[in-house]
*Asks:* 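There's a structure below that I have some questions on.
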Amino acid sequence: MKNSFKDKVYEFCRAIPKGKVATYGQIARLAGKPKAGRAVGLFMRINSDAPHTPCHRVVAADGSLNGYSGQGGLASKRKMLLKEGIILRGSLVDLLRSQWKKS
DNA sequence: AAAATGACGGTGT
DNA sequence: TACACCGCCATTT
């Protein structure tokens, strides 16, 4: 209920536009803790995963899909990203073209 | 208060 | 590109 780091993470997570992806480190940075990427991933995992928060649009710094607690796991995540127009290079996301940039 | 946990990031090999 | 190691952090027990 507080405006804690965790809440900010979810907030930014929801701010990711369709067709774009963000890295854990980027969200952490926006939340004010550039090195808290680890914590960010932790929050994604405990999150309700449902469309409430598009945690599937969050990938690792190199574009690799590390994990997904949602249904289907990584396989489903990859599929969703592809469907949203995000370019996938094998198991890696083409960050050069699909990484979200905060205006 | 201290220890354990984990969907990370960067660097070196 | 893949793998191993270390450093960093918030939350929970």
Side-chain angles (χ1 to χ4, degrees):
Chain A
M1 287 329 228
K2 304 187 314 180
N3 242 10
S4 44
F5 182 73
K6 169 170 164 276
D7 295 308
K8 287 187 178 179
V9 170
Y10 289 126
E11 186 179 347
F12 284 114
C13 217
R14 274 194 283 118
I16 304 174
K18 180 177 175 239
K20 293 284 181 178
V21 298
T23 70
Y24 299 99
Q26 169 135 29
I27 292 180
R29 191 162 79 89
L30 293 172
K33 309 289 181 191
K35 293 180 178 175
R38 211 161 197 174
V40 172
L42 193 59
F43 303 141
M44 296 296 96
R45 181 169 126 26
I46 67 178
N47 133 17
S48 319
D49 60 63
H52 184 66
T53 301
C55 45
H56 60 268
R57 292 187 192 145
V58 185
V59 298
D62 58 354
S64 54
L65 281 48
N66 268 344
Y68 184 62
S69 297
Q71 185 180 35
L74 295 178
S76 183
K77 178 170 179 177
R78 193 175 64 162
K79 200 171 176 180
M80 277 191 289
L81 293 173
L82 218 47
K83 192 173 180 189
E84 293 195 351
I86 293 163
I87 303 169
L88 278 170
R89 237 311 207 123
S91 313
L92 306 183
V93 175
D94 190 340
L95 294 176
L96 301 219
R97 321 244 261 150
S98 303
Q99 180 170 35
W100 172 51
K101 295 175 193 177
K102 184 174 179 295
S103 304

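Because the structure is predicted, anything quoted here is derived from the model rather than measured. Note on naming: letters A, B, ... go to the chains in the order of the sequence lines (proteins, then strands), and numbering restarts at 1 for each one.
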*Asks:* Heavy atoms only: give me the nearest A/L95-A/A60 pair and the separation to one decimal.
*Replies:*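 Heavy-atom minimum between the residues: CD1-O, 4.4 Å.
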*Asks:* Can you tell me if A/K18 uses its side chain to pair, donor with acceptor, with the backbone of A/G85 under 3.5 Å?
*Replies:*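 No; judged by distance alone, with no hydrogens or angles, the pair does not exist.
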*Asks:* Counting only side-chain heavy atoms from C-beta out, which of B/dA7, C/dA10, B/dG9 sits nearest to A/K77?
*Replies:*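 So the side chain of A/K77 is nearest to B/dA7.
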*Asks:* Would A/Y24 and A/L65 show up in the same hydrophobic cluster when neighbours are defined by side-chain heavy atoms closer than 4.5 Å?
*Replies:*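 No, it is not one cluster - the side chains of A/Y24 and A/L65 are not joined through contacts under 4.5 Å.
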*Asks:* Taking atom P of C/dT12 as reference, at what distance in whole Å does atom CG of A/L42 sit?
*Replies:*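 After rounding, the gap between these two atoms is 9 Å.
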*Asks:* Among C/dA10, C/dC8, B/dA7, which is the nearest nucleotide to the side chain of A/K33?
*Replies:*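 Among the listed nucleotides, the one closest to the side chain of A/K33 is C/dA10.
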*Asks:* Rounding to a whole Å, what distance do you find between A/K35:NZ and B/dT11:P?
*Replies:*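 Nearest whole value for this atom pair: 11 Å.
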*Asks:* Counting only side-chain heavy atoms from C-beta out, which of C/dA10, B/dA7, B/dG9 sits nearest to A/S69?
*Replies:*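 So the nucleotide nearest the side chain must be B/dA7.
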*Asks:* Return the value, rounded to whole Å, for the distance between atom CG of A/D62 and atom P of B/dG12.
*Replies:*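 Taking CG of A/D62 and P of B/dG12, I get 17 Å after rounding.
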*Asks:* Can you measure A/Q26 atom CD to B/dG10 atom C1' for me and round it to whole angstrom units?
*Replies:*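 Between C1' of B/dG10 and CD of A/Q26: 17 Å.
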*Asks:* Given B/dC8, B/dG6, B/dA7, which nucleotide is nearest the side-chain atoms of A/N66?
*Replies:*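 Looking only at heavy atoms from C-beta outward on A/N66, the closest nucleotide is B/dC8.
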*Asks:* Could you check how far CZ of A/R29 sits from P of C/dC9, rounded to whole Å?
*Replies:*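 Atom-to-atom, A/R29 to C/dC9, this comes out as 16 Å.
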*Asks:* Counting only N and O atoms by type, is there a donor-acceptor contact under 3.5 Å from the side chain of A/Y10 to the main-chain atoms of A/F43?
*Replies:*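 Judged by distance alone, yes, a pair lies under 3.5 Å.
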*Asks:* Looking across every strand, which nucleic acid part, if any, lies under 4.0 Å from A/Y24 by heavy atom: base, sugar-phosphate, or nothing?
*Replies:*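 Since a base atom lies under 4.0 Å of A/Y24, the category is base.
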*Asks:* Nearest-Å distance, CD1 (A/I46) to C1' (C/dT11)?
*Replies:*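 After rounding, the gap between these two atoms is 7 Å.
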*Asks:* Mind checking A/G37 for me? I need base, sugar-phosphate or nothing, with any heavy atom below 4.0 Å counting as a touch.
*Replies:*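 Result for A/G37 = sugar-phosphate.
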*Asks:* Check every atom of B/dA7, C/dC8, B/dG10 against the side chain of A/A61 and return the nucleotide holding the closest atom.
*Replies:*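 Shortest atom-to-atom distance from the side chain points to B/dG10.
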*Asks:* Tell me which nucleotide among C/dC8, C/dA10, B/dA7 gets nearest to the side chain of A/M44.
*Replies:*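 For A/M44, the side-chain atoms sit closest to B/dA7.
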*Asks:* At less than 4.0 Å, is any side-chain N or O atom of A/R38 found next to OP1 or OP2 of B/dC8? Yes or no.
*Replies:*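 For B/dC8, OP1/OP2 do not have a side-chain N/O of A/R38 under 4.0 Å.
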*Asks:* Specify the residue among A/L92 and A/F5 whose closest nucleotide of DNA chain C lies further upstream toward the 5′ end.
*Replies:*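 Of the two residues, A/L92 wins.
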*Asks:* Check every strand shown and say whether A/I27 touches a base, only sugar-phosphate, or nothing at a heavy-atom separation below 4.0 Å.
*Replies:*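 No contact.
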*Asks:* Check whether the side chain of A/Y68 and the base of B/dA7 form a donor-acceptor pair under 3.5 Å.
*Replies:*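 There is none.
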*Asks:* Taking atom P of C/dA10 as reference, at what distance in whole Å does atom NZ of A/K8 sit?
*Replies:*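 So the two atoms are 11 Å apart, to the nearest Å.
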*Asks:* Report whether A/V59 and A/I87 are members of the same hydrophobic cluster (ILVMFWY, side-chain heavy atoms less than 4.5 Å apart, transitive linking).
*Replies:*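 In one cluster with A/V59: A/I87, no.
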*Asks:* Please state how far atom NZ in A/K6 lies from atom P in C/dT11, giving the value in whole angstrom units.
*Replies:*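 Going from NZ in A/K6 over to P in C/dT11 covers 8 Å.
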*Asks:* Select one nucleotide: of C/dT11, C/dC9, B/dA7, the one nearest the side-chain heavy atoms of A/F43.
*Replies:*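 Closest nucleotide to the A/F43 side chain: C/dT11.
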*Asks:* Does some side-chain heavy atom of A/V9 sit less than 4.5 Å from a side-chain heavy atom of A/M44?
*Replies:*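 In short, these two side chains touch, coming nearer than 4.5 Å.
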